[in-house]
Amino acid sequence: MKQVFLYGVWIRNCAEQPIFATFARYTKPMEESKKALNFIEHIIEEDLADGYAKSQLRFRFPPEPNGYLHLGHASSICLNFGLGEKYGAPVNLRFDDTNPAKEEKAYVDAIKRDVEWMGFHWDKECYASDYFQELYDWAVMLIKQGKAYVDSQSSEDMAKQKGTPTEPGVPGPYRDRSVEENLDLFLRMKNGEFEEGKHVLRAKIDLASPNMLMRDPILYRVLHKAHHRTNTDWCIYPMYDWTHGQSDYLEQVSHSLCTLEFLPHRELYDWCLDQLVSKDRLRPKQREFARRNLSHTVVSKRKLLQLVEGGHVTGWDDPRMPTISGLRRRGYTPESIRNFADTVGIAKRENLVDVSLLEFHVREHLNKITPRVMAVLNPLKVVITNYPEGQVEWLDAENSPEDESMGTRKVPFSRELYIEKEDFREEANRKFFRLKLGGEVRLKNGYIIKAESCTKDTDGSIIEVRCTYDPKSRSGSGTEESLRKVKGTLHWVSVAQAVEAEVRLYDRLFSDENPDGHKERDFMEFVNPNSLLVITAYLEPSLKEAKVGARYQFQRLGYFNVDTDTTGDNLVFNRTVTLRDTWAKIQQKG
Ligand code: ATP
Ligand code: MG
């Protein structure tokens, strides 16, 4: 069986303007298809051909526990764990926890929960903080070799002394301190004798290097902050560059994959490893791929934290957030996020992926797995004048046309029903296939009704439609009338048995496609003030006992799930995504 996928991505044309490129892709089921290798897989294949044993492959996903994981991380997770699955190689979950000022145990727990929920299993749970002693010992080794020194300049002086990309730096006044003095000062830094900012440890590399990061980078700084794992054992903390490669080396990670902004750090990564790698152990490689950016949102923990702290959302797991926990709460499935990551793949250049591609994937998955139910979001009362008062019929309704094994359920039909306000007009042209005066529609799983008249309130809005029904037309009853075709089919619920629920309808969190892409304006200016609409909806009674997390298709409306705010007497649903995409529209625009 072949499946057709339509998808699109924002890319930049040669004039650096964003354009929306759409593609149709025919895919065979996974086992049949031989997917083209991405450029990281090419690197690995070359290494295997050059003598790496498959058993030497090891990867890691290295989040800093300073926030919740977002969709950008999801692509890194899918890349690293995907490689692990592909090559049968272990993948470590490594917490890059070297900045106690911003990191917390709560973030560690949330990150573990999210990676697990995505369906991946890590081999070892590692922490950079577990290597603080080794890192310190290696720093002492560098000092003894004359390759590191304690600098006591202010950060402003240090910046001046480092030069500019076009001018070499000049040695600062402390660059030639003796080994003894450096050892003494570094020990005293470690022992907590100095306040923050008084001294730092710098590598002594090359002040004329064209790579500014090689101009005596800082390796350690004093930070009098308790750490969520090492508590107050340390008051000096290693910098990223002095930590990452060594952590990779200690864990014997073969390929350390990071985002493109680390490309200039690669030289320093290699320099640090040069100082300590022994020949009989595997030397990790840093390789870079492009950051994943998504339209109409921001993917940066720091910026997402601003939204949380500013009260623009209810928390990291607000269903509007592009965090994994937000998407989970919104009703997304791990499969849809993984399929999205798979479709986009990884790139060497940054681009902006349209969020509707993600929505396309969640729709596609939810279509397969969710039962269909009926709910009315914006009710208009219909009275069927020739239906006996007090009578209730429990009609058979199929749970899924996609999957017969989902079975059937009963829905009550009675004289008074709700339909959507948008589904009725007093007058309409021939293209309006819903209910209009004198016109007929079928009520899903039920009867054909005809609108006879309507009543209005004083300001002219319609409050009730009076209809008649054809008693022989019930769906599935086998009569000739039951097979009669009318143009429109509407969803509905019976008023007396309807269950009230709070329904949360979400729109894009940012009104701008690329809130982060404006030089002169802050991304916060583009927060969409109307990203949440809370309404009361009427649901068929089978949903009364719906459990938190359960996902449904509300027929003709979209996919919805039961929110964690649900309590015994207050049912809360989130709209995960509307039923139809804005795909076609976007394609036309593009
Ligand atoms: P943030 O700015 O959101 O904090 P980060 O890169 O600082 O992002 P880390 O926790 O350090 O976040 O990242 C863990 C891993 O996830 C890193 O390897 C990082 O490169 C990767 N990653 C983070 N954001 C993205 C993204 N938008 N696209 C792809 N990979 C990402
Ligand atoms: Mg970071």
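Fair warning: this is a prediction, and the values are worked out from it, not measured in the lab. One-based numbering, in listed order, for ligands and for the atoms of each.
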Requested in this report: Output yes when a side-chain donor or acceptor of Arg283 lies under 3.5 Å from a complementary backbone atom of Gln252, and no otherwise.
Outcome: no

Query - Donor-acceptor pair, side chain of Lys301 and main chain of Glu64, under 3.5 angstrom - result: yes

Return yes when [X] approaches ligand 1 closer than 4.0 angstrom through a heavy atom, no otherwise.
X      : value
His73  : yes
Phe61  : yes
Lys303 : no

Report task. Examine Arg94 relative to Phe61 and say whether NZ or CZ is less than 6.0 Å from the centre of the six-membered ring and inside a 45° cone about the ring axis. Result -> no

Query raised in the report: Where is the tightest heavy-atom contact between Tyr131 and Ser247, given as atom of each residue plus distance?
Result: CD1-OG, 3.5 Å

Query raised in the report: Nearest heavy atom to atom 9 (P) of ligand 1: which of His70, Lys301, Arg291 does it belong to?
Result: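 Comparing heavy atoms across His70, Lys301, Arg291, the nearest one to atom 9 (P) of ligand 1 lies in Lys301.
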
Which atoms of ligand 1 are found less than 4.0 Å from any heavy atom of [X]?
X      : result
Arg292 : 26 (C), 27 (N), 28 (N), 29 (C)
Ser75  : 28 (N), 29 (C)
Pro63  : 10 (O), 14 (C)

Report task. Report yes if Glu64 has an N/O atom closer than 3.5 Å to an N/O atom of ligand 1; otherwise report no. Result -> yes

Query raised in the report: Is the shortest N/O to N/O distance between Thr259 and ligand 1 below 3.5 Å?
Result: yes

Any donor-acceptor pair under 3.5 Å linking the side-chain atoms of [Y] with those of [X]?
X      : Y      : value
Gln161 : Gln153 : yes
Asn92  : Arg58  : yes
Arg329 : Thr564 : yes

